[in-house]
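Notes follow the structure.
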Amino acid sequence: KMFSIMGGIGAFDLPVDLPDITEAEYEAFSALSIEDKLKQIIIDLEYAIGLDPELTEAYYYLGVAYAQTLNREKAIEAFEKSIVVEPQREDSYTILCLFLGETGRYEEAQKIANLFRDSFPENRERYYYLTSLTYYHQGEFAKTIENGEKLLLISEDDSWVSLLLARAYF
């Protein structure tokens, strides 16, 4: 059996044995508001993690669900755990770095960016992006521009880099 969740964060499967849901339970879930679906998804993911704390994808999706409920601190905790149990998931580093920067935890954000650089040396684009974001959140626009310009030299898609640089310039 696969543990399947559908809602505001998409659909995904986790290899956990859970009881099958009835059609009535599925219809009841489908009728919930997005907020209530997210609450149920969080409950289900935490339950799945309780069954198997090494579920790699569960922490990532838990972080996504918490982010959608705007609970930044819980999202940060989930993405930190995601990096521990699934260090090859690049998106966990990106989202964690973004949330740490948004919450004023700049040194931690830079540590995550550096950990990303060390873990994925072939992905310099994302490292420069994470570093630029961290500097941007700190209000260090000269360093944002410096890293953003490095990124422009190696990036194939510069639209999001240009947007970040435009914000830093003004």
Side-chain angles (χ1 to χ4, degrees), residues 2-16 38 41-42 45 48-49 52-170:
M2 297 296 280
F3 177 55
S4 296
I5 299 175
M6 293 183 291
I9 61 173
F12 52 92
D13 294 322
L14 299 172
V16 177
L38 286 168
I41 287 169
I42 288 168
L45 284 168
I49 290 168
D52 183 357
E54 297 301 312
L55 281 175
T56 57
E57 289 193 36
Y59 293 102
Y60 173 79
Y61 287 113
L62 184 61
V64 171
Y66 275 126
Q68 289 198 0
T69 64
L70 302 180
N71 189 335
R72 294 280 196 247
E73 289 307 313
K74 288 285 197 178
I76 287 170
E77 288 175 27
F79 286 117
E80 287 172 336
K81 290 178 184 172
S82 174
I83 288 172
V84 170
V85 298
E86 190 180 15
Q88 69 277 14
R89 183 181 283 274
E90 294 183 17
D91 289 342
S92 293
Y93 296 81
T94 303
I95 299 169
L96 177 58
C97 191
L98 174 67
F99 288 166
L100 289 169
E102 286 179 353
T103 57
R105 295 159 63 179
Y106 309 122
E107 286 182 22
E108 292 176 70
Q110 191 58 54
K111 285 180 184 176
I112 294 300
N114 292 341
L115 180 59
F116 179 88
R117 177 199 60 213
D118 297 342
S119 301
F120 305 97
E122 70 286 352
N123 194 342
R124 294 182 319 161
E125 281 184 54
R126 192 171 302 195
Y127 169 71
Y128 287 130
Y129 176 68
L130 295 177
T131 302
S132 294
L133 273 178
T134 301
Y135 287 133
Y136 179 79
H137 285 127
Q138 293 178 71
E140 293 190 35
F141 302 122
K143 289 183 179 179
T144 302
I145 292 166
E146 177 186 332
N147 279 278
E149 288 174 346
K150 289 178 187 176
L151 186 52
L152 281 175
L153 294 174
I154 60 172
S155 178
E156 293 179 17
D157 175 18
D158 66 356
S159 57
W160 49 274
V161 181
S162 298
L163 179 61
L164 182 63
L165 286 173
R167 290 180 179 172
Y169 280 117
F170 301 105

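With sequence neighbours excluded, the residues satisfying side chain to side chain contact (heavy atoms under 4.5 Å, CB included) with A78 are L62. Under the salt bridge (charged side-chain N to carboxylate O under 4.0 Å, His left out) criterion, R105 pairs with E73, E108, sequence neighbours left out.
The heavy-atom pair separating R72 from A67 by the smallest distance is NH1-O, 4.0 Å. The minimum heavy-atom distance linking Y128 with N147 is given by the pair CD2-OD1, 3.5 Å. Across L130 and A113, no two heavy atoms sit closer than the pair CB-CB, 3.9 Å. Heavy-atom minimum distance, H137 versus Y106: O-OH, 3.1 Å. The shortest non-hydrogen separation linking A109 to G101 is CB-N, 3.9 Å. Residues Y60 and S92 come closest through the heavy atom pair CD1-OG, 3.4 Å.
Distance check: E57 CD to L45 CG gives 10.5 Å after rounding to the nearest 0.5 Å. For the atom pair CD1 of I83 and CD1 of I112, the computed distance is 4.5 Å after rounding to the nearest 0.5 Å. With rounding to the nearest 0.5 Å, the separation of CD in E122 from CZ in R124 is 11.0 Å. Taking CD of E140 as the start and OG of S132 as the end, the distance is 12.0 Å to the nearest 0.5 Å.
At least one donor-acceptor pair closer than 3.5 Å links the side chain of Y93 to the backbone N or O of P87. Put simply, the side chain of T56 never gets that close to the backbone of E86: no donor and acceptor are under 3.5 Å apart. The backbone N or O of L151 lies less than 3.5 Å from no partner atom in the side chain of Y129, so there is not a single donor-acceptor pair. Panel note: side chain T103, backbone L100; a donor-acceptor pair is recorded below 3.5 Å.
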One pair to check against side-chain contact (heavy atoms from CB on, under 4.5 Å): E80 and I76. What are the steps and the verdict?
CA-CA 6 Å; E80 287 172 336; I76 287 170; 3.7 Å; yes
If you apply the rule side-chain contact (heavy atoms from CB on, under 4.5 Å), what do you find for Y61 with I41, and how did you get there?
CA-CA 9 Å; Y61 287 113; I41 287 169; over 6 Å; no
Give the intermediate values and the outcome of salt bridge (Lys or Arg N to Asp or Glu O under 4.0 Å) for residues K150 and E146.
CA-CA 7 Å; K150 289 178 187 176; E146 177 186 332; 3.8 Å; yes
Full working for salt bridge (Lys or Arg N to Asp or Glu O under 4.0 Å) between D91 and R126:
CA-CA 10 Å; D91 289 342; R126 192 171 302 195; 3.1 Å; yes
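Atom CZ of R89 is surrounded by more than 12 heavy atoms from other residues, nucleotides or ligands within 6.0 Å. K74 NZ: 12 or fewer foreign heavy atoms inside a 6.0 Å radius. Residue Q88 qualifies as enclosed at atom CD: its count of foreign heavy atoms under 6.0 Å is above 12.
Between F79 and Y59, the distance from one ring center to the other does not fall under 6.0 angstrom. Within the 6.0 Å centre-distance limit, the rings of F141 and Y136 are counted as a close aromatic pair.
Taking 4.5 Å as the limit, every side-chain heavy atom of E149 sits out of range of all side-chain heavy atoms of L153. Y127 is not listed as a side-chain neighbour of N123, based on a closest heavy-atom distance of 4.5 Å or more.
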